[in-house]
Structure formats: C-alpha cells, structure tokens
Number of protein chains: 2
Amino acid sequence: MPARHIIAKELAGLFGVLSHPDRLRIVEELRGGERDVNSLQELLGVSHSRTSQNLAVLRLNRVVIERRDGRHVFYRLEQPELAAWILDGVRFLEQGSARAEATRSAIAVVRQIWGQPEKPATRKRR
Amino acid sequence: MPARHIIAKELAGLFGVLSHPDRLRIVEELRGGERDVNSLQELLGVSHSRTSQNLAVLRLNRVVIERRDGRHVFYRLEQPELAAWILDGVRFLEQGSARAEATRSAIAVVRQIWGQPEKPATRKRR
DNA sequence: TTCATATATTCACGAATATGAATATATATA
DNA sequence: TATATATATTCATATTCGTGAATATATGAA
C-alpha cells in the first residue's frame, strides 16, 4: 500500500478521534497537566460514563495516557504539543463571510482560555 | 453558550470533515493549485461519484472552492495553509512504540510527497 | 438545429459505523 | 464489609459510507 494511502488512513483516524466536542475539550483541558476523571466530568458538565467512554477512545488511540493513583485515575496527554496544534487549527474557522459573528468572537475568547498553559485545579493526590 | 463549547463544536465539525482518507488526500493534492474532478478521481483511484460526493462535503464545509470553466469544474483550497497544517499533524502519528514500523517509514515518504508544492498536472483548459 | 459525448452532480439503497443512554461489572479504599 | 470510582457491555438510534443508476450541463460534430 502506497505511503500516502497508509498515512491518509491513519491521519483520518486521528481526525476521527478528535471529531467530537467532548474529546476536543478533554484534550484542551489536559494541556496544563493531568486530571482525574471526576475533575474532567465536572469541567465538561456531562455524565460520568460519557466522560469515561470518551477517555477510553482517546486512550485506545494513544492520545492520552492514564496513571492510576489510589482510587483515582489521572489522564494526561501523551504528546502535549497536540493541544497547541489543535488550537492552531482554530484559525481555519475564521474563514468565509458566512461564518457567524458569534463564532468569530468565540475564537478570540478560546484563544485566551486554551492558549496558555493552565495550572491544574483541585488535584487530589494521596 | 460558552465560547469553548461553540469552538469545540465547530472544530469537531472540521475534524469530522477531514476524518476521511479520500478527503484528506484531496486536500493534499490541491496544495499546489486547482484541479478538476476527473484529475482528482484518477489520482485517488476511486469512483467518479465518490470523488464528487467527497468534494461536495469539502465544498459545503468551505474547505474547497469551485470554479466552473466549460464542462470542467476546478476545485482549489479556500485556505491553502490548511494543507500544511494537516501535514504538520502527521507528527502525532509517530508516537508510541506500538506504532508499526511501516507507518514510520510511510511518514517520511509522505513528507516528501506532500511536503512541497507541486505544479498541477495536465490541466486541460479551453 | 439535433445528436453524441464528456464531465459532473445527485439520488436511492443497503451496509457499516458511530453515538448516547442505561445498566452491569470490577476495583480500590475506608 | 460498604462505598466511591472507573470501566465494560448492551441496546436502540442516528449517521456515514460506497455503489450504481439517473440526471444535469456543456461541448463539438453532423
């Protein structure tokens, strides 16, 4: 199989993994370091199982790595630069006049929020 | 709706559009300039309608723009830098020891193939 | 003009895949 | 043990995919 077929397929897989709002937000929330599932669930405001399932997708595709500590499981980015690369892709949302103004201003906000490393919150360790 | 929700959703949409091998290859093949549907179909080695349908997805999501000329429809990237950004993302495939050696060498090849602008082939114009 | 051809898009269908919600199971800690 | 936490499984639904047929649309020839 030609190299470009292999890579196109694998890249498409990576894009597929990232083509979900929850999972994108998880990646961005992990940009500053590891977090446990509960902490992520609260940040996302979705159900526990949904968080866990999306983390499983990310883990199976080697986007995140887990570290168990007591009854907590902490997740972190396997390749922290991934978060910056994703954020960089936001510029392609600005295109086109058809794009809503709401989106354009949201981009500015998100660049503030996601654009700088953040010290992980409430990291309960034991 | 918080900015990060909006952006996560839109970004996820973009990733979804790009989460298909054919569409990724189309974007990369267009890095050097416009091509008509037939030319793309031959490059990809897939059916005509499949090519056209994937172009429609890219078009509806403002990734590509069409230009009609006679009986040909030429497509080009709306934001040419998109191809470079995607190629940049290839580095995240190198990760992890579980990754097959075949992939690693394919990455090198693809960086050669996609890494430099290419002069569009056989552009039949009238 | 009419007809044949080349090009591109759209449609309909079944197959495959993804998704979300709910539940069940497993594990670690107290 | 009981409880909190995390993962796995199941199921119903929704979405996406690929193919082949049908439908434009444009061009050139008769």
Side-chain angles (χ1 to χ4, degrees), chain A residues 5 8-26 29-30 34-76 122-126, chain B residues 5 8-9 11-26 29-30 34-61 63-76 120-126:
Chain A
H5 288 163
K9 219 166 126 186
E10 299 228 13
L11 246 192
L14 175 61
F15 278 114
V17 169
L18 299 176
S19 68
H20 190 291
D22 289 358
R23 295 197 287 267
L24 279 181
R25 289 189 58 205
I26 288 174
E29 297 298 355
L30 292 180
E34 64 182 12
R35 282 184 184 281
D36 71 354
V37 182
N38 243 6
S39 153
L40 286 169
Q41 181 214 326
E42 286 166 16
L43 278 169
L44 302 191
V46 301
S47 78
H48 195 93
S49 68
R50 191 167 149 187
T51 305
S52 182
Q53 283 177 348
N54 280 320
L55 280 168
V57 172
L58 293 172
R59 177 164 34 80
L60 290 173
N61 288 275
R62 308 193 58 100
V63 173
V64 300
I65 293 183
E66 67 166 30
R67 178 183 71 83
R68 295 177 168 273
D69 183 3
R71 70 175 80 180
H72 295 267
V73 177
F74 292 92
Y75 285 94
R76 67 176 190 276
T122 63
R123 178 159 359 150
K124 297 164 198 133
R125 199 85 65 87
R126 73 185 58 246
Chain B
H5 285 67
K9 219 167 125 184
L11 246 192
L14 175 61
F15 279 114
V17 170
L18 298 177
S19 70
H20 190 292
D22 288 1
R23 296 198 286 268
L24 279 181
R25 290 188 59 203
I26 288 173
E29 297 298 353
L30 292 180
E34 65 182 15
R35 284 183 182 281
D36 70 354
V37 183
N38 243 7
S39 152
L40 284 169
Q41 180 215 326
E42 289 165 14
L43 277 169
L44 301 192
V46 301
S47 77
H48 196 90
S49 71
R50 191 169 148 185
T51 305
S52 182
Q53 284 180 347
N54 278 320
L55 279 168
V57 172
L58 292 171
R59 176 164 30 84
L60 290 173
N61 288 276
V63 173
V64 300
I65 292 182
E66 68 167 30
R67 180 182 69 84
R68 296 177 167 273
D69 183 3
R71 69 176 81 176
H72 294 264
V73 178
F74 293 93
Y75 284 94
R76 68 175 188 279
T122 62
R123 189 180 324 174
K124 295 163 200 136
R125 202 84 65 90
R126 71 187 59 248

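Letters go in sequence order (proteins before strands), and every chain restarts at 1.
- For the pair B:R50 CZ and D:dG20 C1', the computed distance is 14 Å after rounding to whole Å.
- In this structure, B:R76 has no salt bridge (Lys or Arg N to Asp or Glu O under 4.0 Å) partners at least two apart in sequence or on a different chain.
- Rounded to whole Å, the distance from CG on B:L60 to C1' on D:dT16 is 15 Å.
- Near DNA chain C, defined here as any heavy-atom distance below 4.0 Å, the residues from residues 11-22 of chain A are A:H20, listed numerically.
- In this structure, B:L58 CG and B:L24 CG are separated by 9.0 Å, a value rounded to the nearest 0.5 Å.
- The NZ atom of A:K9 sits 15 Å away from the C1' atom of D:dC17 (whole-angstrom rounding).
- What separates CZ of A:F74 from P of D:dT5 is a distance of 12 Å, to the nearest Å.
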- In 5'-to-3' order, the base (B), backbone-only (S) or no-contact (-) status of each nucleotide in nucleotides 7-12 of chain D, using a 4.0 angstrom heavy-atom cut-off, is B-B---
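- Taking the side chain as every heavy atom from C-beta outward, A:L14 and A:N61 never approach each other to under 4.5 Å.
- From one end of the helix from C:dT1-D:dA30 to C:dA30-D:dT1 to the other, with five pairs defining each end axis, the axis direction shifts by 20° (rounded to 10°).
- The CD atom of A:E42 sits 10 Å away from the P atom of D:dT5 (whole-angstrom rounding).
- Contacts of A:Q53 classified as side chain to side chain donor-acceptor pair (under 3.5 Å), with partners at least two apart in sequence or in another chain: none.
- In this structure A:T51 satisfies the side chain to side chain contact (heavy atoms under 4.5 Å, CB included) test together with A:V37, A:L40, A:Q41, A:V46, A:L55, sequence neighbours excluded.
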